[in-house]
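Encoded as structure tokens, the structure appears first; notes follow it.
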Amino acid sequence: MSQIPKSVAALFPPHEERERVRANLLGALDAAHARMARGPVTPDFDLDTFRSELAAFTFAEPHALEDALAWTIAQLEHGLVHITHPRYFGLFNPGPTFPAQCGDIVTAEFNPQLATFTTSPAAVEIEAHVIRAVGRRAGFEQPIGHFATGGAEANFTAVLCSLTQAHSGFASEGARAFTGQPTFYVSRESHLAWIKIAHQAGIGRSGVRLVPTDGTGRMDAGELAAMIEADRASCAVPFMIAATAGTTNAGMIDPIGPCRDLARKHGLWFHVDAAWGGGAIASDKLRPLLAGMESADSITIDAHKWFATTMGCAMFLCAHPEVPFSVFNVSTGFMPSTIPHIDPYVTTVQWSRRFFGLRLFLSLAAAGWQGYAVHVERAVGLIDLLKKALAEKGWTIANDSSLGVLCLDPPAGGPTASAIAKAVLASGNAWIAAAMFEGREVIRACVTHGESTEADIRALAQALNTAASA
Ligand SMILES: *Cc1c(COP(=O)(O)O)cnc(C)c1O
């Protein structure tokens, strides 16, 4: 073989060069990590300058990799809302665990292809092991399932499984196999990726029934029963109920038992979307909040929410080993194998597959369930502290949730929730959101970072009070 040309060596540098660049890179990231925790939560760069610098990358000439890396780190350090900041009290984007970050490095190095067991037996089995452990912890006796890119993909998987179970003709004919509009039921406070999912699944957006809530953010089971009856009477075809266990906005848990009973009565698939709230299974104290989840047909739990792995890591757990294969099976000559129920490409949405599960494997290995129990209980404790601090100052707690998220009505007569959120963000001291809860605007704060402290909570309370009395 002739020598590797210089231009190609930019992509595949020699060993010593890799070693040097990587050591410098890790050092630079550690330094940035330390600076970020002390700096503002919100972006503090000049967008126009950034854009013109970015435009200079025309790719006509190569740049030195180390320069490009240094530039990128600087832009990310100043051009993001830092969800890795202990005073990010925002959406369920966690400060990622260090073991998960290590997992990403390892995955990038081996770049295993998890489409088949044959090519990556070690990686496929590590994922299956974690899925079984999490599934059992969630209450399934013999769980199967897989890692997905996010809760939206896992919920999409639930819809495809339930449609395929509901009608044997769905596999070949799609939605027209049904005698009427296939419909599924989620609460109006559910995560509305369901709308896109219905579109993607080919049943159409009108297949989603948004069930009214009961005034406290939970699905109204009486309304659910009535809607199913009405749909049946009008020749629609109900096929799934999905209860949310920890709504995204407010951490509310739908009545799991009554939803399951209605699903059983009507022969519907019962799914529990615990994308965020599912983290509570780690704690013996909090797990009872999710009681009934074990009787579901399938469950979504995101690893990249309360389990705090890096982004793009969720789990679809299923109680019926045969169903995912019935949905995703296909055989082609060019794949190294087709092992029913085992090869991920015949049991999941994806084909080429990244080694997502390593992040949760390493995190669970390093902390144990016990470590995660403390992690989730701490978040709940910090939110309780915030509740007390604000209740004293005239704020009203809007959501009666025992999970680590708080929705607040600001003190009467002061600025609106969105004005307060805007002022807090502008201060750079903390990140919170304004959100809609039961039809009105509230302030929403969530503890998502394992390193948030009581001092961070006091700083948030102060920032909120200052904004509310402006
Ligand atoms: C976040 C969330 C989702 C969507 O999950 P992604 O990981 O963002 O795809 C679905 N359901 C609930 C309840 C969620 O909180």
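These numbers come from a predicted model, not from an experiment. Along the sequence shown, residues are numbered consecutively beginning with 1. Order of appearance sets the numbers: ligands from 1, and atoms from 1 within every ligand.
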R444 to F92 six-membered ring, cation-pi geometry met (6.0 Å, 45°) =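 Judged by the rule (NZ or CZ under 6.0 Å from the ring centre, within 45° of its axis), R444 counts as positioned above F92.
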Lys/Arg-Asp/Glu bridge criterion (N-O < 4.0 Å) met for D343, R353 = no
Please answer whether the main-chain N or O of I203 pairs with a side-chain N or O of Q181 as donor and acceptor at a distance below 3.5 Å.
->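 Yes; at least one donor-acceptor contact below 3.5 Å.
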Verify, without hydrogens or angle tests, whether S295 (side chain) and G292 (backbone) share a donor-acceptor contact under 3.5 angstrom.
->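 Checked: pair present.
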Evaluate the side-chain proximity of L358 to F110: yes if any heavy-atom separation is below 4.5 Å, no if none is.
-> no
Mind listing the side-chain donor-acceptor pairs of residues 124-133 below 3.5 Å, one per line with the distance, residues two or more places apart or on another chain?
| from | atom 1 | to | atom 2 | distance (Å) |
| --- | --- | --- | --- | --- |
| E127 | OE2 | F356 | N | 3.2 |
| E127 | OE2 | G357 | N | 2.8 |

At a heavy-atom distance under 4.0 Å, which protein residues reach ligand 1? Sort them by chain and number, would you?
->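 Only G150, G151, A152, N155, H191, T244, G246, T248, D273, A275, D302, H304, K305 have heavy atoms that fall under 4.0 Å of ligand 1, ordered by chain and number.
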